[in-house]
Enquirer: 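Got a structure for you, written out below as structure tokens; questions coming shortly.
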Amino acid sequence: MRPIILKGHERPLTQVIYNREGDLLFTVAKDKVVNVYYSQNGERLGTYVGHQGALFSVSVDPTSTVLATASADNTIKLWEVRTGRCIHTWSLPTSVKVVQFNEDGDLLLAITEQRMGFAGTIYVYPVNSAPDAKQTEEPLLQFSSPENKFTRAGWSYLNKWIITGHVDGSVSQYDAKTGELIKNVQVHEKEVTDLQFAPDLTYFITSSKDKTAKVLDTKNLRVMKTYVADAPLNTAAITPKKNYVILGGGQDAKDVTTTGSRQGKFEARFYHKIFEDEIGRLKGHFGPLNYIVVHPAGTGFASGGEDGYVRVHHFDKSYFDFLYDVERMRPE
């Protein structure tokens with residue numbers, strides 16, 4: 001499985017995403033630039049330039065018409081994907097850590113940082129994806145969690161709930177219409193570093209600095225599976241097609257200079273989603289993995305590292321052929 005290595009950033013990667021069809025790959029890093037590539041061959045299509053600070057998050061709507069980015073310059077920018085033109089800028093009181101479109105592409109969720117007397121807040125903006133449409137300045141919904149900072153968030157199925165991860169390791173479920181807290185469950189011992197949904201949005205995976213990743217039910221936040229790693233985790237993703245999850249992380253970036261890549265544990269780890277066993281590792285990055293995303297068709301994955309590289313992998317035949325004995329015995 002030879003990766004395509006993309007060197008389009010000068011600073012550590014913060015997020016890598018595919019569009020819904022999986023033919024485009026968008027990457028953001030701490031260097032103010034958004035890059036877009038063809039995921040099939042790694043050819044760079046272009047860049048979106050305009051932010052004044054590090055970028056933390058990127059999200060593209062389901063039709064690949066508009067792109068939203070979250071930055072340390074306290075803004076969310078909306079871009080036209082095709083031309084790279086900035087359509088709209090929302091200004092917020094502190095830096096923006098997460099942006100995510102819902103499955104219809106008409107609502108955008110954002111998390112702001114808890115700083116300078118401002119509580120960490122979730123905003124929901126209505127978005128019109130027509131390139132020349134006027135966007136609304138005011139959010140539809142806004143709610144805070146002053147005593148327990150948000151680190152990650154995402155939309156559930158049918159835009160029913162907003163699921164959030166917190167700095168104390170808990171996961172919450174909020175009503176997406178009213179912003180009311182429905183449920184809060186203590187899932188991890190340390191901060192939640194990533195939260196990614198399965199394709200049907202009925203369950204999701206969280207990763208944490210406590211060296212575990214867990215699969216939870218979206219409806220009742222019940223922990224269904226736990227995967228134990230040997231290093232702090234920054235990211236976790238669920239693969240469609242095959243029953244696997246991919247975890248990434250490694251020793252903290254500030255300690256990397258004192259260890260080799262072998263002790264740093266910078267591999268992408270594959271676990272069986274049902275049996276919770278580790279089934280393989282993939283080396284490559286020479287720093288912690290900051291984000292892993294799986295191709296929507298389940299044919300490959302991309303990872304962004306602290307080393308400034310994006311590695312795009314297309315799975316080969318052995319990945320699809322691999323079966324547990326139990327799976328081989330399954331009647332066709």
Enquirer: Which word best sums up how the rings of Phe197 and Phe204 line up, parallel for under 30°, tilted for 30 to 60°, or perpendicular for over 60°?
Expert: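 Phe197 and Phe204: tilted rings.
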Enquirer: Under 3.5 Å, is there a donor on one side chain and an acceptor on the other for Thr218 and Thr202?
Expert: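 No.
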Enquirer: Got a salt bridge between Glu113 and Lys149, using NZ or NE/NH1/NH2 to carboxylate O under 4.0 Å?
Expert: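 Looking at Lys149 together with Glu113, the answer is yes, because their closest N to O distance falls below 4.0 Å.
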Enquirer: Indicate whether the side chain of Ser207 and that of Thr235 have a donor and an acceptor atom separated by less than 3.5 Å.
Expert: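 Thr235 and Ser207 do not have a side-chain donor-acceptor pair below 3.5 Å.
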Enquirer: Looking just at side-chain N and O atoms, do Gln100 and Ser59 make a donor-acceptor pair shorter than 3.5 Å?
Expert: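 Note: Gln100 and Ser59 side chains miss the donor-acceptor criterion.
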Enquirer: Which heavy atom of Gly50 sits nearest a heavy atom of Lys77, and at what distance?
Expert: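 For Gly50 and Lys77, the tightest heavy-atom pair comes out as O-CE, 3.6 Å.
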Enquirer: For Glu21, does the CD atom sit with more than 12 other heavy atoms under 6.0 Å from it, leaving out its own atoms?
Expert: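 Check passes, neighbour count above 12.
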Enquirer: Kindly give the heavy-atom pair with the smallest separation between His285 and Gly304, and that separation in Å.
Expert: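 Result for this residue pair: CE1-C, 4.1 Å.
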Enquirer: Parallel, tilted or perpendicular, judged at 30° and 60°: which one describes the rings of Tyr324 and Phe275?
Expert: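 Because their plane-to-plane angle is under 30°, the rings of Tyr324 and Phe275 count as parallel.
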Enquirer: Could you tell me whether Asp132 and Arg85 make a salt bridge, using a distance below 4.0 angstrom between a side-chain N and a carboxylate O?
Expert: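 A salt bridge is present here (some side-chain N lies under 4.0 Å from a carboxylate O).
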Enquirer: So for atom CD, which belongs to Glu278, do other residues, nucleotides or ligands contribute more than 12 heavy atoms lying within a distance under 6.0 Å?
Expert: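 Atom CD in Glu278 is crowded, with more than 12 foreign heavy atoms closer than 6.0 Å.
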Enquirer: Can you confirm whether more than 12 heavy atoms, excluding those of Glu137, are under 6.0 Å from its CD atom?
Expert: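 Yes, because the 6.0 Å sphere around CD of Glu137 holds more than 12 heavy atoms from other groups.
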Enquirer: Find the distance between OG1 (Thr94) and CG (Asn74) and round it off to the nearest 0.5 Å.
Expert: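 Thr94 OG1 to Asn74 CG: 6.0 Å, rounded to 0.5 Å.
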Enquirer: Under a 3.5 Å distance rule, please check whether Gln186 uses its side chain to pair with a backbone N or O of Asp168 as donor and acceptor.
Expert: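 At least one qualifying donor-acceptor pair exists.
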Enquirer: Under a 3.5 Å distance rule, please check whether Ser71 uses its side chain to pair with a backbone N or O of Ala54 as donor and acceptor.
Expert: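 Indeed, once roles are kept as given, a pair shorter than 3.5 Å links the two residues.
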Enquirer: Do Asp106 and Val127 come within less than 4.5 Å of each other through their side chains, counting heavy atoms only?
Expert: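 No, every pair of side-chain atoms sits at 4.5 Å or beyond.
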Enquirer: Crowded around Arg82 CZ? As in, over 12 foreign heavy atoms under 6.0 Å?
Expert: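 No, the 6.0 Å shell around CZ holds no more than 12 heavy atoms from other groups.
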Enquirer: Suppose we call two aromatic rings close when their centres sit under 6.0 Å apart. Are Phe301 and His295 close by that rule?
Expert: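 No - the distance between ring centres of Phe301 and His295 does not fall below the 6.0 Å cut-off.
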Enquirer: Could you report the tightest heavy-atom contact between Asn290 and Glu306, atom names first, then the distance?
Expert: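 Heavy atoms only, the tightest pair is ND2-OE1, 3.0 Å.
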Enquirer: Do Leu24 and Val34 sit in the same hydrophobic cluster, where Ile, Leu, Val, Met, Phe, Trp and Tyr count as joined when their side-chain heavy atoms come under 4.5 Å apart?
Expert: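 The answer is yes; both residues are in one hydrophobic cluster.
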Enquirer: Is the number of heavy atoms from other residues, nucleotides or ligands under 6.0 Å of Lys190 NZ greater than 12?
Expert: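 No, the 6.0 Å shell around NZ holds no more than 12 heavy atoms from other groups.
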Enquirer: Could you tell me whether the side chain of Lys183 reaches within less than 4.5 Å of the side chain of Asn220, counting heavy atoms only?
Expert: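 Yes. Closest side-chain heavy atoms under 4.5 Å.
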Enquirer: Indicate, with yes or no, if Tyr48 and Val58 share a hydrophobic cluster defined by side-chain heavy-atom contacts under 4.5 Å among Ile, Leu, Val, Met, Phe, Trp and Tyr.
Expert: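 They do share one cluster, since a chain of ILVMFWY contacts under 4.5 Å joins Val58 to Tyr48.
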Enquirer: Relative to each other, are the rings of Tyr125 and Tyr123 parallel, tilted or perpendicular (30° and 60° limits)?
Expert: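 Parallel.
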Enquirer: Would you say Phe320 has more than 12 foreign heavy atoms packed within less than 6.0 Å of its CZ?
Expert: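 Result for CZ/Phe320: enclosed.
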Enquirer: Mind telling me whether Tyr174 and His166 have parallel, tilted or perpendicular rings, with 30° and 60° as the class edges?
Expert: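 It falls in the tilted class, 30° to 60°.
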Enquirer: Does a side-chain N-to-carboxylate-O contact under 4.0 Å join Arg269 and Asp230?
Expert: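 Asp230 and Arg269: salt-bridged.
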Enquirer: For the atom pair CG (Asn159) and CG (Asn102), what is the distance rounded to the nearest 0.5 Å?
Expert: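 Separation between the atoms: 4.0 Å.
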Enquirer: Report yes or no: does Asp175 contribute a side-chain atom to a donor-acceptor pair with the main-chain N or O of Lys177 at less than 3.5 Å?
Expert: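 Flag set: sc Asp175 to bb Lys177 pair under 3.5 Å.
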Enquirer: Does NZ in Lys134 sit with more than 12 non-hydrogen atoms of other residues, nucleotides or ligands closer than 6.0 Å?
Expert: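 It does not: Lys134 NZ has 12 such atoms or fewer within range.
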Enquirer: If you count the non-hydrogen atoms of other residues, nucleotides and ligands that lie under 6.0 Å from OH in Tyr309, is the total more than 12?
Expert: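 No, not enclosed.
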